[in-house]
Amino acid sequence: MFDHPSFDAHEGMHAFHDAATGLKCVIAVHSTALGPAAGGCRMWNYPTGEAMLTDVLRLSQGMSYKNAMAGIPLGGGKAVIWGDPKSGKSPELFRAFGRAVESLQGRYYTAEDVGVDVSDMATMREETRFVAGLDEGAAASGDPSPVTAKGVYLGIREVARRLFGTDDLNGRTIAVQGVGSVGGYTCEHLAKAGAHLVITDIDQDALNAVAKKTGAKIVAPNDIYDVEADIFSPNALGVIINEKTLARLNVKGVAGGANNQLVVPEMGEFLRRKGILYAPDYVINGGGIINVAAEISGSYSRDWVEATLARLIVTLGEVLDEALETSQPTNYVADRIARARIASARTTR
Ligand code: NAD
């Protein structure tokens, strides 16, 4: 582990095996400098244990940065369960996972991620209190997507302000990839603000529903990269900004909620050289984790969520401004600020 290329001074790596249920999982605690480590639990059929380790090391570091930028009192962690989410789930497995989380005594809070849904969270909750993302109970925060989408919409306005001197989106064209939970709500905000929408998805029903509500124009999934628009908003998949798509993009800004948009961090520099202003994904999509943080605090408050989201958008603006003033990629500036916030909290403690 200490020699692994993705090892980044993680505080703790905890591997669990439960013979009775077949559970194999790793919980990575990257940093608790800002508070207990928090991040979702992913269930994935990794080809190798090495692939699983790489994923959890990177994802937990990413959560430290995301939580630091969101200004919430949480550090970064992540859990991965090795297995097929379609065929490998059982209540016993998630209860065993819950006991693994409980054994860390609050150093790590878990939540939903790819392959794990709200009913799995409820099963874990039978064994541990250190679970968020529930839709029932006193402090339950429910679906985080509307908060994520509001942040994405406000973030798009910040990008527009730097590009066009105004955050008025009336008459602007926004190309939206993915109109699921986050993309769908984001489109509603954008349409209300008077933006012209060009949307794509692989789910025809979702597309039709959003087009009907917003008057959006629909294009085929592969055509979204060629749309001439003011801003491209990715809200579906990761690694969609790569060498091939970069050459096709015909926009001035990229601002969307999808995680891990850049195939490699260096893509941030290539976007900059092409004159495209990029809102770093883990900053603009921090609304969801702010919602989860409200639940972890034990007393969910809508006002606190709104105020913390507003501060996150100010932080995003500062990242964009520093990047533009110093001719740096926006994602490098965000990483530096996140690392500084974590280091400063560590020193204070
Ligand atoms: P979702 O599953 O509700 O929506 C994703 C949509 O993308 C679906 O409608 C799906 O059909 C579509 N899609 C899949 N492949 C596609 C393709 N090739 N081309 C076009 N569309 C495609 O998921 P979501 O919760 O809206 O999350 C969207 C993204 O935002 C993910 O990357 C997620 O990790 C990220 N994110 C979500 C939240 C949240 O609060 N839900 C928070 C932070 C980040």
Side-chain angles (χ1 to χ4, degrees), residues 38-44 55 58-59 62-63 65-67 69-70 72 74 76 78 85 111-118 121 132-135 141-156 175-189 197-211 213-214 216 218-227 232-242 244-245 248 254-263 279-295 305 308-309 312 316:
C41 169
R42 175 169 294 192
M43 183 166 185
W44 195 252
D55 210 28
R58 286 193 192 152
L59 290 168
M63 286 311 302
Y65 286 19
K66 181 185 285 210
N67 295 346
M69 294 307 269
I72 52 181
L74 294 175
K78 198 89 184 182
E112 286 164 51
D113 196 62
V114 178
V116 175
D117 60 32
V118 73
M121 307 307 300
L134 300 164
D135 59 6
S141 58
D143 179 10
S145 311
V147 185
T148 306
K150 174 126 187 246
V152 171
Y153 162 66
L154 295 173
I156 289 174
V176 181
Q177 180 181 50
V179 292
S181 306
V182 174
Y185 289 120
T186 302
C187 283
E188 286 178 32
H189 287 294
L197 301 178
V198 182
I199 61 175
T200 196
D201 201 291
I202 51 170
D203 178 340
Q204 198 59 41
D205 292 341
L207 270 179
N208 291 340
V210 172
K213 258 192 200 159
T214 63
I218 296 174
V219 297
N222 188 39
D223 293 343
I224 196 75
Y225 303 109
D226 304 313
V227 172
F232 172 50
S233 182
N235 294 289
L237 314 162
V239 300
I240 36 82
I241 308 287
N242 52 51
K244 284 191 183 139
T245 57
R248 293 167 61 186
V254 172
N259 277 315
N260 302 323
Q261 292 170 25
L262 308 184
V263 65
D281 47 12
Y282 71 85
V283 186
I284 192 172
N285 74 14
I289 193 70
I290 289 174
N291 205 51
V292 166
E295 178 171 341
V305 169
T308 311
L309 185 65
L312 172 68
L316 173 65

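None of the values given here were measured: they were computed from a predicted structure. Throughout, residue positions are numbered sequentially from 1 according to the sequence presented. Atoms within a ligand are numbered from 1 in the order they appear, just like the ligands themselves.
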Task: Q177 and N235: CA distance, side-chain angles, deciding distance, side-chain contact (heavy atoms from CB on, under 4.5 Å) verdict - done: CA-CA 6 Å; Q177 180 181 50; N235 294 289; over 6 Å; no
TODO: Please name the pair of heavy atoms, one in A236 and one in G178, separated by the smallest distance, quoted to 0.1 Å.
DONE: CB-CA, 3.9 Å
Open item on the list: Can you report which non-hydrogen protein atom sits closest to atom 37 (C) of ligand 1, along with the distance?
Closed with: V182 CG2, 3.7 Å
Open item on the list: Side chains of V305 and I290, heavy atoms from C-beta outward: is any pair under 4.5 Å?
Closed with: yes
TODO: Would you name the heavy atoms of A175 and I224 that are closest together and state the gap between them?
DONE: CB-CD1, 4.0 Å
Task: Side-chain touch C187/I199, heavy atoms, less than 4.5 angstrom - done: yes
Task: D55/K78 ion pair, N-O < 4.0 Å - done: no
Open item on the list: Counting only heavy atoms closer than 4.0 Å, does ligand 1 sit against the backbone of A206, its side chain, both, or neither?
Closed with: neither
Task: Closest protein heavy atom to atom 5 (C) of ligand 1, given as residue, atom name and distance to 0.1 Å - done: N235 O, 4.0 Å
Open item on the list: For atom 12 (C) of ligand 1, tell me which residue out of T200, T148, D201, V114 has the closest non-hydrogen atom.
Closed with: D201
Open item on the list: Any nitrogen or oxygen of S145 lying under 3.5 Å from a nitrogen or oxygen in ligand 1? Just yes or no.
Closed with: yes
Task: Option set I199, I284, N285, N259, criterion heavy-atom distance to atom 34 (O) of ligand 1, minimum - done: N259
Task: Heavy-atom closest contact (A279 atom, I284 atom, distance) - done: CB-CD1, 3.9 Å
- [ ] Check ligand 1 against A258 and write out every atom of the ligand that is under 4.0 Å from a heavy-atom position of the residue.
- [x] 29 (C), 30 (O), 32 (O), 35 (C)
Task: Region of I289 engaging ligand 1 - heavy atom pairs below 4.0 Å - done: neither
Task: Heavy-atom protein neighbour under 4.0 angstrom from atom 18 (N) of ligand 1 - done: yes
Task: Which atom of C41 lies closest to which atom of V116, heavy atoms considered - done: O-CG2, 3.3 Å
TODO: Write out the residue and atom name of the closest protein heavy atom to atom 31 (C) of ligand 1, then the distance separating them to 0.1 Å.
DONE: A236 O, 3.4 Å
Open item on the list: Can you confirm whether T308 sits close enough to I72 that some side-chain heavy atom of one is under 4.5 Å from a side-chain heavy atom of the other?
Closed with: yes
TODO: Could you tell me whether S181 and ligand 1 have an N or O pair separated by under 3.5 Å?
DONE: yes
Task: Distance filter under 4.0 Å to P144 heavy atoms, resulting ligand 1 atoms - done: 40 (O)
Task: Distance from atom 16 (C) of ligand 1 to nearest protein heavy atom, with residue and atom - done: I202 CG1, 3.8 Å
TODO: Compute the shortest N/O to N/O distance between P221 and ligand 1 and return yes if it is under 3.5 Å, no if not.
DONE: no
TODO: Measure from atom 7 (O) of ligand 1 to the protein's non-hydrogen atoms and state whether any distance is below 4.0 Å.
DONE: yes
Open item on the list: Contact between T200 and I218 at the side-chain level, heavy atoms closer than 4.5 Å - yes or no?
Closed with: no
TODO: Report yes if some N/O of G288 lies less than 3.5 Å from some N/O of ligand 1; otherwise report no.
DONE: no
Open item on the list: Suppose we measure from atom 4 (O) of ligand 1 to each protein heavy atom; which comes out shortest, and what is that distance?
Closed with: G180 CA, 3.3 Å
Open item on the list: Looking at every heavy atom in both V179 and V176, which two are closest together, and how far apart are they?
Closed with: CG1-CG1, 4.3 Å
Open item on the list: Closer than 4.0 Å to some heavy atom of G257 - which atoms of ligand 1 meet that?
Closed with: 30 (O), 35 (C), 36 (N), 44 (C)
- [ ] On the 0 to 90° scale, with breaks at 30° and 60°, tag the F232-Y225 ring pair as parallel, tilted or perpendicular.
- [x] perpendicular
Open item on the list: Need the ligand 1 atom indices (1-based, order shown) with element for anything under 4.0 Å from a heavy-atom of D203.
Closed with: 11 (O)
